[in-house]
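Throughout, residue positions are numbered sequentially from 1 according to the sequence presented. All values below were derived from every heavy atom in this structure, side-chain atoms included, with hydrogens, water molecules and symmetry-related copies excluded. The model shown is predicted, which means the values in this text are computed figures rather than measured ones.
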Amino acid sequence: MARPTYRNLGKSGLRVSNIGFGTWVTFGGQVTDEVAEELLTVAYERGINFFDTAEVYSAGKAEIVLGKILKKKQWRRSSYIISTKIYWGGKAETEKGLSRKHIIEGIKASLGRLQLDYVDIVFANKADSHVPMEEIVRAMTFVINQGWAMYWGTSRWSTVEIMEAYSVARQFNLIPPIAEQAEYHYFQREKVEMQMPEMYHKIGIGTITWSPLACGILTGKYDDGIPIYSRAALKGYTWLREKILSEEGRRQQSKLRDLAVIADQLGCSLAQLAIAWCVKNENISQVLLGASTVDQLCEDIQALQYVPKLTGTILEEIERILGSKPMIREQSSVSRRTSSVSVETKPKVKFKNDATHRQFLRNFSLAKIFPWGKT
């Protein structure tokens with residue numbers, strides 16, 4: 001029976017299972033509370049120690065369901081990791097974004113729904129150009145200092161935004177983020193493969209990836225259209241249906257039929273092949289899984305046994321079929337933005353002030369030497 005292995009989350013000391021369990025769409029929405037409990041129990045008993053949620057998932061219901069299960073199970077709080085994400089907390093203007101007000105009120109509301117004293121990681125669920133970076137980093141540092149979270153991270157931030165947060169943290173002796181959550185699968189690769197490794201080596205940022213099955217597209221279940229009980233058939237997922245039925249979607253399904261041959265050779269499903277392919281990337285700290293049935297979750301966990309079987313030859317064949325490998329450039333987007341401050345090469349990104357910009361540039365030269373120390 002396959003079980004997860006454990007990795008440090010970036011260069012932090014936090015040990016996370018190489019697969020985690022997420023609650024998007026399912027908890028408080030697609031599945032009953034009873035099924036949610038079964039899913040969480042199976043995940044925990046099979047060695048998954050990381051459970052992810054967000055204030056926006058099912059308008060807070062996902063956190064409520066997760067909290068009730070954790071309270072009922074009475075597992076040792078020190079034996080698992082809970083992360084939540086802050087950005088969309090309500091309809092009012094002050095109930096969304098990354099203002100100090102919403103970060104603090106949002107995390108306190110999440111803790112109430114989760115019935116927990118603290119979360120292990122709070123993620124900023126989207127960058128907020130309307131809020132000064134210093135305000136965001138100071139608020140996250142305050143949350144950690146109050147004991148409401150152990151660490152903080154980012155989700156769907158650009159590498160330039162992540163580096164700016166790091167620079168602000170180092171400039172004002174605050175706490176920098178430790179991880180970024182990013183989408184990653186066969187057809188979404190550039191950020192995770194080309195940009196995030198540099199973030200790890202320069203400033204210690206870990207990478208947690210989500211949607212390894214591209215919302216179910218990579219399972220092959222959409223080969224003949226939209227099944228009535230699939231996610232793409234749910235209300236509010238018109239964008240997913242359109243994506244599947246588009247010309248690009250049809251091309252992707254054609255490639256999946258070719259990948260099915262490799263899956264058959266390995267003795268696994270298309271879904272297991274897709275998950276194993278993600279886990280095989282050693283630059284990733286963790287791959288987040290989602291499931292609506294226990295059978296589906298068990299199948300996904302079993303994907304771990306196929307990771308060692310992805311030999312160089314098989315990976316080359318997958319690349320030949322996909323044709324989606326990001327092109328290597330002379331300089332990454334981050335290095336290009338930070339290589340010079342002359343008029344001709346001045347970065348396009350707008351920093352909050354010149355001091356932050358100078359610190360941004362300075363940290364790139366020092367971060368490799370002092371990844372966690374003061375600069």
Side-chain angles (χ1 to χ4, degrees), residues 5-18 20 50 83 121 123-124 127 133 137 140 150-171 173-185 188-210 277-288 307 312 315 319 325-341 345 347-349 351 356-375:
T5 56
Y6 300 89
R7 302 171 177 173
N8 282 56
L9 183 51
K11 291 185 180 178
S12 78
L14 188 63
R15 298 284 286 176
V16 299
S17 48
N18 61 349
F50 190 104
S83 71
I121 310 178
F123 287 94
M133 189 62 75
V137 179
M140 288 297 189
M150 301 289 190
Y151 307 88
W152 78 279
T154 58
S155 177
R156 301 185 300 169
W157 282 34
S158 72
T159 50
V160 170
E161 289 162 339
I162 295 169
M163 190 61 207
E164 186 181 359
Y166 174 88
S167 297
V168 167
R170 289 299 174 228
Q171 181 179 0
N173 197 26
L174 302 173
I175 299 173
I178 66 164
E180 157 72 4
Q181 285 196 8
E183 184 178 5
Y184 183 61
H185 50 74
Q188 185 73 38
R189 303 173 58 178
E190 182 168 357
K191 178 179 178 180
V192 169
E193 293 185 13
M194 303 299 290
Q195 300 174 16
M196 292 311 299
E198 183 177 18
M199 288 287 93
Y200 171 79
H201 291 296
K202 287 189 178 295
I203 61 175
I205 294 289
T207 301
I208 295 175
T209 66
W210 48 273
W277 180 85
C278 290
V279 175
K280 186 72 173 180
N281 188 334
E282 295 182 354
N283 291 317
I284 293 173
S285 299
Q286 181 183 81
V287 176
L288 280 176
V307 176
L315 290 173
E319 289 292 1
K325 189 176 182 65
M327 296 297 291
I328 298 176
R329 302 171 185 175
E330 291 184 5
Q331 287 182 295
S332 76
S333 59
V334 176
S335 295
R336 191 166 57 250
R337 285 177 169 85
T338 58
S339 59
S340 176
V341 292
T345 59
K348 294 181 180 179
V349 62
F351 290 91
T356 301
H357 182 200
R358 287 194 297 273
Q359 188 72 11
F360 174 90
L361 298 171
R362 180 169 173 265
N363 277 327
F364 255 94
S365 63
L366 294 176
K368 203 166 186 177
I369 304 172
F370 307 108
W372 287 103
K374 297 179 184 179
T375 54

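- G206 and S285 make their closest contact through CA-OG, 3.9 Å (heavy atoms, listed as atom of the first residue, atom of the second, distance).
- Contact annotation: the side chain of M196 approaches that of I205 to within less than 4.5 Å [non-hydrogen atoms, C-beta and beyond].
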Should F50 and I208 be marked as a side chain to side chain contact (heavy atoms under 4.5 Å, CB included) after you check the CA-CA gap, both sets of side-chain angles, and the distance that decides it? CA-CA 11 Å; F50 190 104; I208 295 175; 3.8 Å; yes
Take N281 and T209 through the side chain to side chain contact (heavy atoms under 4.5 Å, CB included) test and state the conclusion after the steps. CA-CA 11 Å; N281 188 334; T209 66; over 6 Å; no
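- By the side chain to side chain contact (heavy atoms under 4.5 Å, CB included) test, S158 is found to be paired with V160, E161, residues two or more places apart in sequence or in another chain being considered.
- Among pairs with a residue in residues 277-288, none fulfils salt bridge (Lys or Arg N to Asp or Glu O under 4.0 Å), at least two apart in sequence or across chains.
- Looking at I175 and W152, their side chains come closer than 4.5 Å, going by heavy atoms from C-beta outward.
- For Q181, the side-chain hydrogen bond (donor to acceptor under 3.5 Å, both in side chains) partners are D52, not counting sequence neighbours.
- Listed here is the closest heavy atom pair of Y166 and P177: N-CD, 4.5 Å.
- Interatomic distance, OH of Y6 versus CD of Q286, reported as 10.5 Å (0.5 Å rounding).
- When all heavy atoms of R170 and P176 are compared, the closest pair comes out as NH2-CG, 3.8 Å.
- Qualifying side-chain hydrogen bond (donor to acceptor under 3.5 Å, both in side chains) partners for T154, counting only residues two or more places apart in sequence or in other chains: E180.
- Distance check: I178 CD1 to K11 NZ gives 13.5 Å after rounding to the nearest 0.5 Å.
- Remark: T207 pairs with no residue by the side-chain hydrogen bond (donor to acceptor under 3.5 Å, both in side chains) rule, at least two apart or across chains.
- The minimum heavy-atom distance linking A182 with V192 is given by the pair CB-CG2, 3.9 Å.
- Contacts of W157 classified as ring-ring contact (aromatic ring centres under 6.0 Å, His included), with partners at least two apart in sequence or in another chain: none.
- Considering CE of M133 and CE of M163, their distance stands at 11.5 Å, rounded to 0.5 Å.
- The OG atom of S155 sits 10.5 Å away from atom CD of E183, with the distance rounded to the nearest 0.5 Å.
- Legend: residues meeting ring-ring contact (aromatic ring centres under 6.0 Å, His included) with Y184, ordered by chain and number and at least two apart, are W277.
- Counting only heavy atoms from C-beta outward, the side chains of I203 and M199 approach each other to under 4.5 Å.
- Taken from CD1 in I162 to OG in S167, the straight-line distance is 12.0 Å, to the nearest 0.5 Å.
- In this structure, S12 OG and M150 CE are separated by 12.5 Å, a value rounded to the nearest 0.5 Å.
- Considering all non-hydrogen atoms of both residues, A165 and V137 come closest at O-CG2, 3.8 Å.
- Remark: R189 pairs with E193, E319 by the salt bridge (charged side-chain N to carboxylate O under 4.0 Å, His left out) rule, at least two apart or across chains.
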